[in-house]
Number of protein chains: 2
Amino acid sequence: MIVAAAVRLLDEQGEAKFSMRALAARLDVTPMSLYWYVADKDDLLELALDVVAGEMELPRTSDGLRWQDGLRALAVTWRAAMLAHPWAVRIYNDYLNIGPNSMRFSARALEISRESPLPEPDAMAALSAIFQYAYGFTATEVNWQEKAGAAGTTTEGLIEEITEAVLEIPGVAESGVVTERPKEPEAVLRERQFHRALDWMLAGMAAGVAAP
Amino acid sequence: MIVAAAVRLLDEQGEAKFSMRALAARLDVTPMSLYWYVADKDDLLELALDVVAGEMELPRTSDGLRWQDGLRALAVTWRAAMLAHPWAVRIYNDYLNIGPNSMRFSARALEISRESPLPEPDAMAALSAIFQYAYGFTATEVNWQEKAGAAGTTTEGLIEEITEAVLEIPGVAESGVVTERPKEPEAVLRERQFHRALDWMLAGMAAGVAAP
DNA sequence: ACCTGAACACCGTTCAAGT
DNA sequence: ACCTGAACACCGTTCAAGT
């Protein structure tokens with residue numbers, strides 16, 4: 001199917017290099033033949049995004065799980081799907097995400113948020129907060145990986161290089177903007193930071209904060 | 001100056017319609033003359049982003065302010081600058097943001113995060129978390145506004161339309177995915193949600209959470 | 001030092017036409 | 001029902017040339 005081919009090409013080449021013409025070439029057809037299956041490029045990308053949504057696991061509701069763990073599981077599976085298809089996070093906000101898989105995921109997310117003791121409007125706000133954070137974290141993460149990939153190095157290597165370059169700028173070394181990097185591998189650190197922020201948010205929600 | 005003109009054009013037309021050729025036309029020169037001042041389009045956009053960073057207020061350190069209020073102020077001024085230049089949030093992650101204004105802002109952000117009682121690595125993680133959330137929230141917010149603008153309506157109107165359309169899909173009405181909208185104006189609600197999530201994160205940080 | 005013209009290698013998409 | 005060819009209105013950028 002044409003959408004599957006689009007996903008494959010996006011995975012291989014990234015969003016920047018993806019084009020209707022490139023996809024057509026890959027399928028050995030004229031660019032215009034794609035338009036028989038799909039209204040336009042936006043339409044195709046929207047369908048591709050729903051394929052990614054289809055890879056997100058639906059955490060079970062209740063069954064002994066605390067609501068905090070449910071919300072965390074939503075964020076974790078969402079991020080995992082996005083990391084598997086880095087182009088998806090880049091275009092995520094450009095579309096409404098109302099395809100069948102996206103809707104299924106949203107429905108489950110709502111169910112889970114309602115298991116919290118928070119009053120309805122807060123439960124919604126909590127869910128939004130979790131996803132906005134997950135989106136921000138993952139988008140940043142993916143961009144670093146892509147920049148590193150383009151520069152032919154790893155995220156760690158790139159940070160190293162930039163740190164050195166930035167230190168050359170007069171005044172920067174003394175300003176303290178550049179901090180010691182922890183010695184742990186980047187991936188471990190990232191994972192911990194992602195969960196650390198979720199810890200904070202979930203703890204704040206559980207405490208039923210009004211204003212700090 | 002050419003960067004100022006770029007910012008103005010981006011503000012007026014948005015990122016999608018912005019091009020080197022369009023900017024050149026606006027300045028009554030050939031597209032190629034721009035390349036005397038700027039290496040390429042990326043270079044120009046990076047400079048434009050630093051102009052936006054220059055509009056962010058630097059919250060004062062200490063002087064009686066609690067560190068929580070400092071972190072909140074950082075998020076608030078960052079979001080305000082981005083809302084004033086919606087194109088900026090769209091391209092924010094594509095660049096390193098190491099221009100002078102960006103660096104000044106980062107330096108102040110670090111100072112503020114260090115006023116918290118958190119141990120150094122946690123203080124860094126806290127700062128990242130705040131900005132990743134602010135980025136996710138603002139990116140989502142801006143995208144809704146742009147989609148609404150393109151459809152010739154407001155964010156509220158667009159949500160209304162989409163809700164109705166989605167309810168037409170068989171099975172959706174019963175699924176409970178579509179929720180009651182609060183009766184408050186959208187802008188007020190958004191503002192509250194932004195701060196609500198900050199409340200949660202800051203409360204969690206202050207509580208020095210290890211794992212919930 | 002500053003700007004131009006012509007050209008190259010790309011885009012997404014329309015429209016009329018083919019099988 | 002499915003695909004093509006030619007064309008249109010765009011991009012960013014190189015390169016050699018002008019003043």
Side-chain angles (χ1 to χ4, degrees), chain A residues 1-51 85-88 90-96 99 143 146-147 149-152, chain B residues 1-51 85-88 90-96 99 143 146-147 149-152:
Chain A
M1 217 269 247
I2 183 190
V3 180
V7 170
R8 229 173 309 125
L9 194 56
L10 282 160
D11 286 346
E12 288 171 28
Q13 318 250 34
E15 201 244 334
K17 287 191 174 169
F18 177 82
S19 69
M20 297 300 270
R21 293 172 119 109
L23 178 59
R26 169 67 62 104
L27 294 172
D28 260 312
V29 287
T30 336
M32 288 321 300
S33 77
L34 301 177
Y35 288 82
W36 198 87
Y37 300 93
V38 118
D40 52 22
K41 195 188 181 186
D42 271 356
D43 190 24
L44 178 54
L45 288 177
E46 203 159 4
L47 291 166
L49 267 181
D50 202 55
V51 170
H85 305 284
W87 50 272
R90 297 192 60 89
I91 62 171
Y92 185 76
N93 262 328
D94 295 339
Y95 301 96
L96 293 174
N143 272 293
E146 283 182 355
K147 273 199 279 274
Chain B
M1 217 268 246
I2 184 190
V3 180
V7 170
R8 229 173 308 124
L9 194 56
L10 282 160
D11 286 346
E12 288 171 28
Q13 318 250 34
E15 201 243 332
K17 287 191 174 169
F18 178 83
S19 69
M20 296 301 269
R21 294 172 117 108
L23 178 60
R26 169 67 62 105
L27 295 171
D28 261 313
V29 287
T30 335
M32 287 321 300
S33 76
L34 301 177
Y35 288 82
W36 198 86
Y37 300 95
V38 117
D40 52 21
K41 196 188 181 186
D42 270 358
D43 190 24
L44 179 54
L45 289 177
E46 203 159 5
L47 291 167
L49 266 182
D50 201 55
V51 169
H85 305 284
W87 50 271
R90 298 191 61 88
I91 62 171
Y92 185 75
N93 262 328
D94 295 339
Y95 301 96
L96 293 173
N143 271 293
E146 283 182 355
K147 273 201 278 275

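Per chain, numbering begins at 1; letters A, B, ... match sequence-line order.
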* To do: Write down the distance between CE (B/M20) and P (C/dT4), rounded to a whole number of angstrom.
  => 14 Å
* Asked: Considering only D/dC2, C/dT13, D/dT13, which nucleotide approaches the side chain of B/Y35 most closely?
  -> D/dT13
* Any idea which of D/dT13, C/dC2, D/dC11 is nearest the B/W36 side chain? -> C/dC2
* Would you indicate which nucleotide in C/dC3, C/dG12, D/dG12 comes nearest to any side-chain atom of B/Y37? => C/dC3
* Asked: With sugar-phosphate meaning primed atoms plus P, OP1 and OP2, does B/S33 contact a base, only sugar-phosphate, or nothing at under 4.0 Å between heavy atoms?
  -> base
* Minimum-distance nucleotide (side-chain atoms of B/M32 versus D/dC15, D/dA7, C/dC2) -> D/dC15
* Run the salt-bridge test on A/K41 and A/E46 with the 4.0 Å N-O cut-off and return the result as yes or no. => no
* D/dA9 and C/dA9, which share atom name P, separated by this distance in whole Å -> 22 Å
* Asked: Between C/dG5, D/dG5, D/dT13, which nucleotide gets closest to the side-chain atoms of B/T30?
  -> C/dG5
* Asked: Does A/R21 or A/D28 map to a spot on DNA chain D nearer the 5' end, using the closest nucleotide for each?
  -> A/D28
* Structure fact -> Residues B/N93 and A/K147: closest non-hydrogen pair is O-NZ, 3.0 Å
* B/L45 CG - D/dC11 C1' separation (whole Å) -> 14 Å
